Amino acid sequence: MTTEINDHIQVIAVFDNGIRPAKFKWRGRTYPVREITYTWGSKDGAASLVHFSVTDGSTLFELVYNTSTMKWSLERTE
């Protein structure tokens with residue numbers, strides 16, 4: 001079951017040949033990114049968004065990086 005979240009989050013990411021989230025903090029808890037299962041891009045007006053489907057080993061999350069504001073959000077969980 002997919003749950004819409006749309007919260008701003010803090011992310012530790014690696015910028016090497018692109019961007020890759022390594023772990024993120026949401027609601028006081030830190031989640032390791034064990035695997036990136038899929039990535040895709042989209043637009044929000046002039047802003048480019050980079051979407052990451054990631055898992056911590058038990059839950060699937062969709063993280064979004066806004067390249068204009070350089071902010072991250074957690075869009076949904078499954």
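By convention here, the first residue in the shown sequence is residue 1. Small disclaimer: the values here were computed from a predicted structure and weren't measured.
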Notebook entry, point to check: For Leu74 and Glu62, which heavy atoms make the closest approach, and how far apart are they?
Noted result: CD1-O, 3.5 Å
Notebook entry, point to check: Taking all non-hydrogen atoms of both residues, which atom of Ser42 and which atom of His51 are closest, and how far apart?
Noted result: OG-NE2, 2.7 Å
Using a 3.5 Å cut-off and no angle test, enumerate the donor-acceptor pairs between side-chain atoms of residues 1-14 and protein atoms at least two apart in sequence or in another chain.
{"residue": "Thr2", "atom": "OG1", "partner": "Glu78", "partner atom": "OE1", "Å": "3.3"}
{"residue": "Glu4", "atom": "OE1", "partner": "Arg76", "partner atom": "NH2", "Å": "3.2"}
{"residue": "Glu4", "atom": "OE2", "partner": "Arg76", "partner atom": "NE", "Å": "3.1"}
{"residue": "Glu4", "atom": "OE2", "partner": "Arg76", "partner atom": "NH2", "Å": "3.3"}
{"residue": "Asp7", "atom": "OD2", "partner": "Trp26", "partner atom": "NE1", "Å": "3.0"}

Next item on the list: With side chain to side chain contact (heavy atoms under 4.5 Å, CB included) as the test, would you mind laying out the steps for Thr77 and Leu60 before giving the verdict?
Entry: CA-CA 6 Å; Thr77 65; Leu60 194 62; over 6 Å; no
Next item on the list: Could you state whether Trp40 and Leu63 fall into the same hydrophobic cluster, counting links through intermediate Ile, Leu, Val, Met, Phe, Trp or Tyr residues with side-chain heavy atoms under 4.5 angstrom apart?
Entry: no
Check: Is there a chain of hydrophobic side chains (I, L, V, M, F, W, Y, each step under 4.5 Å between heavy atoms) that links Tyr38 to Ile19?
Finding: no
Notebook entry, point to check: If only atom types and distance count, is the side chain of Thr37 paired as donor or acceptor with the main-chain N or O of Ser53 below 3.5 Å?
Noted result: yes
Notebook entry, point to check: Judged by atom type as modelled, is there a donor-acceptor pair below 3.5 Å linking the side chain of Asp44 to the main-chain atoms of Ala47?
Noted result: no
Check: Rounded to the nearest 0.5 Å, how far apart are OG1 of Thr55 and CD of Glu35?
Finding: 7.0 Å
Which donor-acceptor pairs under 3.5 Å do side chains of residues 64-73 form with protein atoms, sequence neighbours excluded?
{"residue": "Asn66", "atom": "OD1", "partner": "Ser68", "partner atom": "N", "Å": "2.8"}
{"residue": "Asn66", "atom": "OD1", "partner": "Thr69", "partner atom": "N", "Å": "3.1"}
{"residue": "Thr67", "atom": "OG1", "partner": "Ser48", "partner atom": "O", "Å": "2.9"}
{"residue": "Thr69", "atom": "OG1", "partner": "Lys71", "partner atom": "N", "Å": "3.4"}
{"residue": "Ser73", "atom": "OG", "partner": "Glu75", "partner atom": "OE2", "Å": "2.5"}

Next item on the list: Carefully, step by step, assess Val33 and Phe61 under the rule side chain to side chain contact (heavy atoms under 4.5 Å, CB included).
Entry: CA-CA 9 Å; Val33 174; Phe61 302 92; over 6 Å; no
